[in-house]
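Below: the structure, in structure tokens.
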Amino acid sequence: MDKLIITCAISGAEVMKEHNPAVPYTVEEMVDAAKEAYHAGASIIHLHARLDDGTPTQDKERYKEIIKSIHKECPELIIQVSTGGAVGMSVEERSDVLNLKPEMATLDCGTLNFGGDEIFINTENDIIYFAEKMNHLNIKYEMECFEKGHIDMTKRLIKKNVIKKPFHYSFVLGVVGGMTGEERDFMFLKDSLPEGSTYSVAGIGKYEFSLAELAIKYGGHVRVGLEDNIYIEKGVLAKSNADLVKKIAKIAKMNNREIATTSETRRILGMEERNV
Ligand code: KMH
Ligand code: ZN
């Protein structure tokens, strides 16, 4: 079994300081959150930029500043930028950050209800647009699937040679309109992947740790962070992103799964080594 890759989703686009004061907004807060998560065991930071007042933004210049500042402190850290942004943003707005040629980015693989009137829109043509742009710029994509139909969509685009190897997925489970993070749903998704794929799980809310434990046992990888879940245990707010990562490191240890360094992560995902 490969070593465990831990991704930390430090900020997200929806969670606010009113929900958990440890959610980072400013560049300095982002750097501190990323650095602490890295020292706790994370090798990838899943990043959504914010303005100082917490407003989500896909502004390329803001991302540039955050990435540069994180790399100043932790040069080897893998930064995975979000191309999902926030609900309601246009494809053009969401994709501009790719022009920075980040090492890694998300590729959202289908449309989903996000609760109430919110719809996270990713048409087939949107997915093709993002994938082709990332192929062209040599950006590693993590394919975010919120339900089984999204995996089927990736298989269709693999056949069309739009999505290229090596395939790396993320099961984001527990969103209002998607599949749950229960064991049965996890097994169904894992067993539906194209052969040779790697995958990570992101359990939303109450699913964060139980789903992580399943992935740890079955050879998958794990994403945690305040984007997905604000609690360290039932009813107790996490003090930081790093606390969530530390809890995963503890679960990994209990299951005899070693944690991957940044260069091991690049090797497991078939990424180029980065000279820092
Ligand atoms: N904030 C959601 C609308 C991604 O990062 O690619 C989309 C999202 C997925 O978080
Ligand atoms: Zn995200």
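What you see below is based on every heavy atom in this structure, not just the backbone, and it leaves out hydrogens, waters and symmetry mates. Whatever order the structure lists them in is the order used to number ligands and atoms, beginning at 1.
Residue pairs meeting the ring-ring contact (aromatic ring centres under 6.0 Å, His included) criterion with at least one member in residues 47-87, sequence neighbours excluded, are H46-H48. The side-chain hydrogen bond (donor to acceptor under 3.5 Å, both in side chains) contacts involving residues 168-179 comprise E142-H168, T154-Y169, H168-T198, where partners must be two or more places apart or lie in separate chains.
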Going through the distances and angles, do S95 and T83 end up as a side-chain contact (heavy atoms from CB on, under 4.5 Å)? CA-CA 6 Å; S95 63; T83 63; 5.8 Å; no
What verdict does the side-chain contact (heavy atoms from CB on, under 4.5 Å) test give for I44 and L269, after you've listed the backbone C-alpha separation in whole Å, the side-chain angles of each residue and the deciding distance to 0.1 Å? CA-CA 11 Å; I44 302 176; L269 299 183; 4.1 Å; yes
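Around the Zn ion (ligand 2), the protein N, O or S atoms found under 2.8 Å comprise H46 NE2, H48 NE2, E227 OE2.
When atom types are taken as modelled, the side chain of E208 and the backbone of I204 share no donor-acceptor pair closer than 3.5 angstrom.
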For ligand 1, which of its N or O atoms have a protein N or O partner closer than 3.5 Å, and how long is each gap?
from	atom 1	to	atom 2	distance (Å)
ligand 1	1 (N)	E14	OE1	3.3
ligand 1	1 (N)	E14	OE2	2.9
ligand 1	1 (N)	G85	O	2.8
ligand 1	5 (O)	H46	NE2	3.2
ligand 1	5 (O)	H48	NE2	3.1
ligand 1	5 (O)	S82	OG	2.7
ligand 1	6 (O)	G84	N	3.3
ligand 1	6 (O)	T106	OG1	2.7
ligand 1	6 (O)	D108	OD1	3.3
ligand 1	6 (O)	D108	OD2	2.6
ligand 1	10 (O)	H48	NE2	3.3
ligand 1	10 (O)	E227	OE2	3.0

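Environment of NZ in K253: sparse, with no more than 12 heavy atoms of neighbouring residues, nucleotides or ligands closer than 6.0 Å.
Ion pairing between K17 and E29 holds under the 4.0 Å rule for side-chain N and carboxylate O.
Annotation: cation-pi pair K190/Y199 absent, no NZ/CZ under 6.0 Å from the ring centroid and within 45° of its normal.
Between I119 and V87, the shortest heavy-atom distance links the atoms O-CG1, 3.5 Å.
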